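The structure appears right after this line, and notes come after that.
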Amino acid sequence: MSPPFAQLLHWQRGGEPITGSGGWRFAFTGTDRLRRMDRVWQALLSALPYSPTAFVSAAFDDTSALPSVLRLPALLRRDQVELEQSVPSELAAQLLAADPQLRLGEQPSMTAPGSTPTRAQHRLLVERALAAIERDRVRKVVVGRDEFVPADPEVCGRALEALAAAYPDVWTFAVDGLLGATPELLLARTGERFRTRVLAGTAREPGVLVSDERRVSEHRLAADPVLTSLGEVAVLDEVHPEPHLLELPNLWHLATDIAGRVLDPAVSPLALVDRLHPTPAVAGVPQQPAVALIEELEFRDRGRYAGPVGWLDGEGNAEICLALRCGQLEPGGVRLYAAGGIVAGADPEWEYTETEAKLEPMLDALRPGRSDS
Ligand SMILES: C=C(O[C@@H]1C=C(C(=O)O)C=C[C@H]1O)C(=O)O
């Protein structure tokens, strides 16, 4: 029998997916959730007699009421090989004793409290973001909205297949009921080498992007802090000074690719993720005031939307993206999220249409044929 959709683990870019089911769920909340997750992961790596693969999905915000999860599936399928993974109960007990806040095994609570903004309310939210920029509180802030789509778990299963087929060049995922197809890579790590991609600047047409000074400078605002932060712990390959255009089936983005080698190989993938998150592409600049403004302006806890999502293995490899173009399974349906970066001069009406475009892949996958009606 297949596992309930909410527990399914799935990661795919083109080709064969990595999938998992059952097993252990370590749940974390709070400011140091990624560091504590890394401690648990390192403890598992040193104690387990095999090289495990785990899935991660972390909350966007330090204050999120919804948990971040590290999932070690009992049944893992990767590279067409099926593996059984287990955690001895004494080891699980030791991990729990070492971190009194750690929760084990609980199905995460799925419903983020808050209300869903209308088009007019979203417009107001963007205007308030612009007012905060005007007062120099932030230079850029990424604000968004949610939309609820009724759907049953069977529809979600088919949606996952539809996303993987329609978006083979991006990362299709399902981790503990968060499902989507994201184009934004936060960290791919193979040994000492890593890669990341910053996306910021969005349009339906490529021409609009390259010629728009505002969007290009918004992109630099997002890419520069990532370069600085990684430059402190890594030797970076040369980065092209101009962003390139990334074409998705329904949108174009400005993109900067960054690659390098960590100076200290002991710096773990989750430590790098913790260093980068939340990036200016999903939070803003400067980081802390932007996050505070998001908490103030948005209508709902983001939960794991715009948080890191991906997998890690015992060889030190990882592929972790930002959970965008996705939705959270809730009772009776899926709550979709989308946001956009606001800088001075942004047009509130366009910002709403940008969120509509970003919601499109999930809406199409959950309601096939919706555009024909
Ligand atoms: C926040 C989202 O997308 C991010 C914001 C972008 C922008 O502001 O142009 C572009 C890509 C992503 O980094 C989202 O898809 O919800």
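All residue numbers refer to positions in the sequence shown, counting from 1. Start at 1 and go down the list; that is how both ligands and their atoms are numbered. Computed from a predicted model, the values in this text were never measured in an experiment.
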Step through it carefully: locate the ring centre of F60, locate the ring centre of H277, and say whether they are under 6.0 Å apart.
yes
Out of all atoms in ligand 1, which are within 4.0 Å of some heavy atom of [X]? Include the element for each.
| X | value |
| --- | --- |
| A338 | 16 (O) |
| T202 | 6 (C), 7 (C), 9 (O), 10 (C) |
| A281 | 4 (C), 5 (C), 13 (O) |
| G340 | 8 (O) |
| E354 | 7 (C), 8 (O), 9 (O) |
| Y305 | 1 (C), 2 (C), 14 (C), 16 (O) |

Under 3.5 Å between some N or O of ligand 1 and some N or O of [X]?
| X | result |
| --- | --- |
| A200 | no |
| A339 | yes |
| E184 | yes |
| L199 | yes |

Measure the acute angle between the ring planes of Y352 and H122, then classify it against the limits of 30° and 60° as parallel, tilted or perpendicular.
perpendicular
Any T29 side-chain heavy atom under 4.5 Å of S64 side chain
no
Does the side chain of L48 come within less than 4.5 Å of P88's, by heavy atoms?
yes
State yes or no: do V282 and I133 share one hydrophobic cluster built from I, L, V, M, F, W and Y residues joined by side-chain heavy-atom distances below 4.5 Å, directly or via other members?
yes
Using a cut-off of 6.0 Å, state whether more than 12 heavy atoms not belonging to E295 lie near its atom CD.
yes
Got a sec: does the CZ of R139 have more than 12 other heavy atoms crowding it under 6.0 Å?
no
Is there a heavy atom of [X] sitting under 4.0 angstrom from any atom of ligand 1?
| X | result |
| --- | --- |
| G144 | no |
| G201 | yes |
| E218 | yes |

Determine whether the side chains of H219 and T256 contain a donor N or O and an acceptor N or O closer than 3.5 Å.
yes
Report yes or no: do W171 and E319 form a side-chain donor-acceptor pair below 3.5 Å?
yes
Proximity winner for atom 6 (C) of ligand 1, if only heavy atoms of K358, H253, R325 are counted
K358
Would you indicate which of G341, P183, A323, P361 comes nearest to atom 8 (O) of ligand 1 when only heavy atoms are counted?
G341
Between the main-chain N or O of L66 and the side-chain N or O of R304, is there a donor-acceptor pair closer than 3.5 Å?
no
